[in-house]
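Step one of this worksheet: look at the structure below.
Per chain, numbering begins at 1; letters A, B, ... match sequence-line order. The structure displayed is predicted, hence computed values, not measured ones.
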2 protein chains.
Amino acid sequence: MKVSLGRLQQQHDAVFRENCPTRTVLDHVMSKWGVLVLMNLTDGTARWGELRRTVEGISEKMLASTLRTLEADGLVVRTAHPEVPPRVDYALTPRGEDLMERMMPLMEWIAENADDIVARP
Amino acid sequence: MKVSLGRLQQQHDAVFRENCPTRTVLDHVMSKWGVLVLMNLTDGTARWGELRRTVEGISEKMLASTLRTLEADGLVVRTAHPEVPPRVDYALTPRGEDLMERMMPLMEWIAENADDIVARP
DNA sequence: CCGAATCCTATACGATACTG
DNA sequence: CAGTATCGTATAGGATTCGG
């Protein structure tokens, strides 16, 4: 079966040019930690420490940096509660949820096929 | 709207554990160059030099390494023609096409929203 | 509890040159 | 044409400490 590029095909040239904004978004969203953080927000709001534990292996530095990037992109929203001790939680924005709707089928496929792919001869 | 993790939800813990094969596949497939190479194979076979030009900005080293990884994962197949001068082309395997069917909607969304995301205040 | 700041390391990546 | 080999750099990323 042939998958068509459709209107992604730009002229008859490179698909995403070097300074195309798509490259930037791609690097944010498809980054090592970006995907995992987004995934862990698909089932609702999560606190900082929660993400820290749930996204196994992430360092505080990378969590902070990833969240800031995603927030700047308008995919994630940060809410700080004026309490002591401080409580901050993160959630997907509508745009973030929109994105994740397209990403979930992909993630499911990867989850289903990962064992086969990694364990090949 | 709420997007559910469905059967991706493993127990009630981390979504993809640290040594989960999914992490590996994720790093291959969602890598900076992996996506772009795969994209450029969705509309059919391409030769090495073709990819080199089409995937704008990729170095020979990264193209080679990316292709080898994707081939090892069984997502891309390499065909060398015994000619002079040599001709080699790359194409998606059935598994690769299967993957790209899930990835295309995501890429289309990103392409459509990239400008908005990058140009925010 | 939620981060920011600092320091340090590994490796991803690019540029170039070379070969069957 | 289709790569491999080598070298050098930039950046991602980890570990730790500190502050609000």
Nearest-0.5 Å distance that lies between atom CZ in R23(A) and atom CD in E18(A)
5.5 Å
Enter the distance from L75(A):CG to T69(A):OG1 here, rounded to the nearest 0.5 Å.
10.0 Å
Regarding E71(A) and R78(A), does a basic nitrogen lie under 4.0 Å from an acidic carboxylate oxygen?
no
Outermost contacting nts on DNA chain D, any atom under 4.0 Å from chain B heavy atoms, listed 5' then 3', are dC1(D) to dC7(D)
Applying side chain to side chain contact (heavy atoms under 4.5 Å, CB included) to M103(B) and T42(B), what does each step give before you reach the verdict?
CA-CA 10 Å; M103(B) 198 181 302; T42(B) 47; over 6 Å; no
Indicate for each nucleotide in nucleotides 2-14 of chain C, in 5' to 3' sequence, whether protein heavy atoms under 4.0 Å reach the base (B), only the sugar-phosphate (S), or nothing (-).
SBB-BB-----BB
Rounded to the nearest 0.5 Å, how far does CE of M62(B) lie from CG of L36(B)?
11.5 Å
Listed once per pair and sorted, the salt bridge (charged side-chain N to carboxylate O under 4.0 Å, His left out) pairs that draw on residues 31-42 of chain A, sequence neighbours left out:
K32(A)-D27(B)
State whether R95(B) and D116(A) are salt-bridged, where the test is any N-O pair (Lys NZ or Arg NE/NH1/NH2 against Asp/Glu carboxylate O) under 4.0 Å.
yes
